[in-house]
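Remarks on the structure that follows.
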Amino acid sequence: MTRPYHVLVATDSFKGSATSEHAGELMARGVRRACRDAEVRVVPIADGGEGTVEALVRGLGGRRRRVRVQGPLGAPVDATYGILPGGAAVIEMAEASGIAYSSCTEEDALRASTYGVGQLVSDALDQGVRRIYIGLGGSATSDGGAGLACALGARLLDATGEEVEPGLAGLRDVVRIDLSGFDRRAQMAEVVLLTDVTNPLCGLNGAIRVYGGQKGVPAARFGELDAWMVRYAGLVDHATHTDASRLPGAGAAGGLGFGLAAFCGARLERGIEAVLDALDFDGMLRDVDLVITGEGRMDAQTAQGKAPVGVARRARSKGIPVVAIVGSRADDLGGVYGQGIGLVVPAVTAPCTLPEAFTRTETNLPLAGETAMRAFLLGR
């Protein structure tokens with residue numbers, strides 16, 4: 001008797017409609033509908049953005065910890081991060097300083113601070129962790145990690161010796177950085193930054209010019225504010241004896257990548273690759289016949305290293321076919337197909353608005369899972 005087919009479902013979240021885990025379970029339901037005897041395993045994944053804590057906590061058997069911290073605009077917020085086995089933690093910076101807390105006005109863009117992220121790092125260190133994964137997606141901030149540094153004991157001082165105001169606005173006035181009270185535990189821990197962003201801190205491809213607009217920074221001020229960032233980077237370089245501003249990914253999360261690299265010695269990794277390594281995803285692929293992955297919107301950016309492509313590369317190296325289920329797709333997915341995805345299945349079954357599509361998630365994702373499995377069986 002032949003063994004049943006083994007199917008691994010490893011999908012990113014469908015923002016606004018389903019978490020990674022829930023989306024995977026819905027797809028698995030459809031796979032079983034097409035092949036009742038299939039053995040299906042669901043593995044939540046993420047690339048450093050939404051769902052990263054869930055993926056690692058669930059995949060590694062960790063626990064969640066909830067902490068009240070300072071939000072990006074100063075009001076308190078309740079943020080959750082994960083404590084993992086083996087003395088590690090996983091943080092999504094958006095939990096403390098995410099764009100959902102901002103009105104994306106110019107005022108908010110100038111005020112938004114990463115102070116709360118620093119508070120999460122400090123709390124994780126208090127729990128005795130030695131490695132911290134930090135997902136850099138979905139930020140409201142453009143402060144170059146200045147707020148984080150202050151939460152860990154740094155002082156950013158103006159010409160009169162007073163501490164500057166929070167956020168990007170404070171970078172205008174800082175003339176000296178005092179690290180005498182900095183929490184050295186943050187430098188002794190292994191800090192791993194998860195992002196698919198490769199931008200430097202400053203310049204035409206830097207944090208202000210590329211990402212500032214979506215946070216409320218007016219285009220007319222890009223040059224002025226980028227100059228503040230350049231000067232701030234020089235002060236950080238002098239204080240830390242590093243030069244992290246040109247690192248690929250330094251511009252992630254409004255320069256938080258730079259701040260963590262400079263102040264904490266963090267290293268930047270492709271988010272999906274670090275998550276898959278932590279989960280021992282290659283080990284999960286043993287004896288798997290089909291991999292199903294997915295995300296809400298698949299386009300040219302996906303091919304640059306987002307979650308479905310990270311999954312597909314691992315599966316392709318072992319000769320395993322990959323089907324991607326998506327909420328919507330671009331017309332041209334040549335780059336995605338070239339990375340190992342063999343078939344893309346849109347989940348939407350009829351013309352509808354985005355809100356209407358959200359209401360049909362419980363129906364559409366199982367249908368797409370069924371289609372993916374039937375396509376696999378047809379090829380056999």
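Between D178 atom CG and L157 atom CG the span is 6.0 Å, to the nearest 0.5 Å. Rounding to the nearest 0.5 Å places CD1 of I134 at 11.5 Å from OH of Y81. Here the CD-CD1 distance, from Q127 to I83, works out to 5.5 Å after rounding to the nearest 0.5 Å. Atom OG of residue S142 and atom CG of residue L168 lie 6.0 Å apart, to the nearest 0.5 angstrom. How far CG of L290 is from CE of M373: 6.0 Å, rounded to the nearest 0.5 Å. We find the CZ-CG distance between R270 and L193 to be 14.0 Å, quoted to the nearest 0.5 Å.
When atom types are taken as modelled, the side chain of Q70 and the backbone of A75 share no donor-acceptor pair closer than 3.5 angstrom. One N or O on the side chain of S97 and one on the backbone of S113 form a donor-acceptor pair closer than 3.5 Å. Judged by distance alone, with hydrogens and angles left aside, the side-chain atoms of S102 form no donor-acceptor pair with the main-chain N or O of I99 at under 3.5 Å. A donor-acceptor contact shorter than 3.5 Å links the side chain of R111 to the backbone of L73. A donor-acceptor contact shorter than 3.5 Å links the side chain of E92 to the backbone of T52.
Residue N199 is tested with L201, V197, T195 for a side chain to side chain contact (heavy atoms under 4.5 Å, CB included); the sole match is V197.
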Please output the side-chain donor-acceptor pairs of residues 169-176 that fall under 3.5 Å, not counting sequence neighbours, one pair per line with the distance.
{"residue": "R172", "atom": "NH2", "partner": "E165", "partner atom": "OE2", "Å": "3.2"}

Side-chain donor-acceptor distances from residues 321-338 under 3.5 Å, at least two apart:
{"residue": "S328", "atom": "OG", "partner": "R297", "partner atom": "NH1", "Å": "3.4"}
{"residue": "R329", "atom": "NH2", "partner": "D331", "partner atom": "O", "Å": "3.0"}
{"residue": "D332", "atom": "OD1", "partner": "G334", "partner atom": "N", "Å": "2.9"}

Check residues 339-350 and write down every donor-acceptor pair under 3.5 Å in which the side-chain atom is one partner and the other belongs to a residue at least two apart or another chain.
{"residue": "Q339", "atom": "OE1", "partner": "R313", "partner atom": "NE", "Å": "2.8"}
{"residue": "Q339", "atom": "OE1", "partner": "R313", "partner atom": "NH2", "Å": "3.3"}
{"residue": "T349", "atom": "OG1", "partner": "R360", "partner atom": "NH2", "Å": "3.4"}

Without placing hydrogens or testing angles, list every side-chain donor-acceptor pair under 3.5 Å for residues 25-50, not counting sequence neighbours.
{"residue": "R33", "atom": "NH1", "partner": "E370", "partner atom": "OE1", "Å": "3.3"}
{"residue": "E39", "atom": "OE1", "partner": "H6", "partner atom": "NE2", "Å": "3.2"}
{"residue": "D47", "atom": "OD1", "partner": "G49", "partner atom": "N", "Å": "3.4"}

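A side-chain N or O of T240 and one of T242 form a donor-acceptor pair less than 3.5 Å apart. Looking only at atom types and distance, the side chain of D143 has a donor-acceptor partner in the side chain of T114 under 3.5 Å away. Between E362 and H22, the side chains place a donor N or O and an acceptor N or O closer than 3.5 Å (distance only, hydrogens not considered). For the residue pair E295 / T11, no side-chain donor-acceptor distance below 3.5 Å is found, with atom types taken as modelled. In the model, T80 has a side-chain atom that pairs as donor or acceptor with a side-chain atom of R66 under 3.5 Å. There is no side-chain donor-acceptor pair under 3.5 Å between T141 and K215.
At a threshold of 4.5 Å between side-chain heavy atoms, the hydrophobic network of Ile, Leu, Val, Met, Phe, Trp and Tyr places V129 and V67 in one connected group. V121 and L194 are assigned to two separate hydrophobic clusters, defined by single-linkage of ILVMFWY side chains at heavy-atom distances under 4.5 Å. Both I91 and V69 belong to a single network of hydrophobic side chains, linked directly or stepwise wherever heavy atoms of I, L, V, M, F, W or Y lie under 4.5 Å apart. Tracing side-chain contacts under 4.5 Å through hydrophobic residues (I, L, V, M, F, W, Y), one reaches L125 starting from L260; they form part of the same cluster. No single ILVMFWY cluster, assembled from side-chain heavy atoms under 4.5 Å apart, contains both V53 and M93.
Side-chain contact between F281 and V311 is present, with at least one heavy-atom pair separated by less than 4.5 Å. V291 places a side-chain heavy atom less than 4.5 Å from the side chain of V288. A 4.5 Å side-chain heavy-atom check between M298 and K306 finds every atom pair outside the cut-off. No side-chain heavy atom of S122 sits less than 4.5 Å from a side-chain heavy atom of Q119. Put simply, the side chain of L285 reaches to within 4.5 Å of the side chain of I320, judged on heavy atoms. A 4.5 Å side-chain heavy-atom check between D126 and R185 finds at least one atom pair inside the cut-off. A heavy-atom distance below 4.5 Å is not found between the side chains of V217 and Y211.
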May I have the step-by-step check of side-chain contact (heavy atoms from CB on, under 4.5 Å) for F14 and L365, ending in yes or no? CA-CA 10 Å; F14 283 61; L365 287 184; 4.0 Å; yes
When you look at L156 and Y232, which way does the side-chain contact (heavy atoms from CB on, under 4.5 Å) test go after all the steps? CA-CA 10 Å; L156 276 62; Y232 163 71; 4.1 Å; yes
Could you walk me through whether F263 and L152 pass the side-chain contact (heavy atoms from CB on, under 4.5 Å) test, one step at a time? CA-CA 9 Å; F263 292 109; L152 292 172; over 6 Å; no
Take R209 and D226, measure what salt bridge (charged side-chain N to carboxylate O under 4.0 Å, His left out) needs, and give me the verdict at the end. CA-CA 8 Å; R209 284 186 167 91; D226 188 62; 3.1 Å; yes
Under the side-chain contact (heavy atoms from CB on, under 4.5 Å) rule, what do R286 and M284 come out as? Steps first, then yes or no, please. CA-CA 6 Å; R286 296 189 189 100; M284 295 180 185; over 6 Å; no
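The list of salt bridge (charged side-chain N to carboxylate O under 4.0 Å, His left out) pairs with a residue in residues 229-243, not counting sequence neighbours, reads D243-R246. Pairs of residues two or more places apart, or lying in two chains, that qualify as salt bridge (charged side-chain N to carboxylate O under 4.0 Å, His left out) and include a residue from residues 112-125 are R65-D123. Pairs passing the ring pair (Phe, Tyr, Trp, His ring centres under 6.0 Å) check and including a residue from residues 164-202, sequence neighbours excluded, do not occur. The ring pair (Phe, Tyr, Trp, His ring centres under 6.0 Å) pairs that include a residue from residues 84-137 number zero, where partners must be two or more places apart or lie in different chains. Residue pairs that meet the salt bridge (charged side-chain N to carboxylate O under 4.0 Å, His left out) test with at least one member in residues 191-206, sequence neighbours left out, do not exist here. Pairs engaging residues 338-377 under the ring pair (Phe, Tyr, Trp, His ring centres under 6.0 Å) rule: Y5-F376 [sequence neighbours left out]. Among pairs with a residue in residues 300-324, none fulfils ring pair (Phe, Tyr, Trp, His ring centres under 6.0 Å), at least two apart in sequence or across chains.
Across L268 and A261, no two heavy atoms sit closer than the pair CD1-CB, 4.4 Å. Residues L136 and G257 come closest through the heavy atom pair CD1-CA, 4.0 Å. V191 approaches A186 most closely through the heavy-atom pair CG2-O, 4.0 Å. Across A278 and L56, no two heavy atoms sit closer than the pair CB-CD2, 3.9 Å.
Legend: residues meeting salt bridge (Lys or Arg N to Asp or Glu O under 4.0 Å) with D277, ordered by chain and number and at least two apart, are R314.
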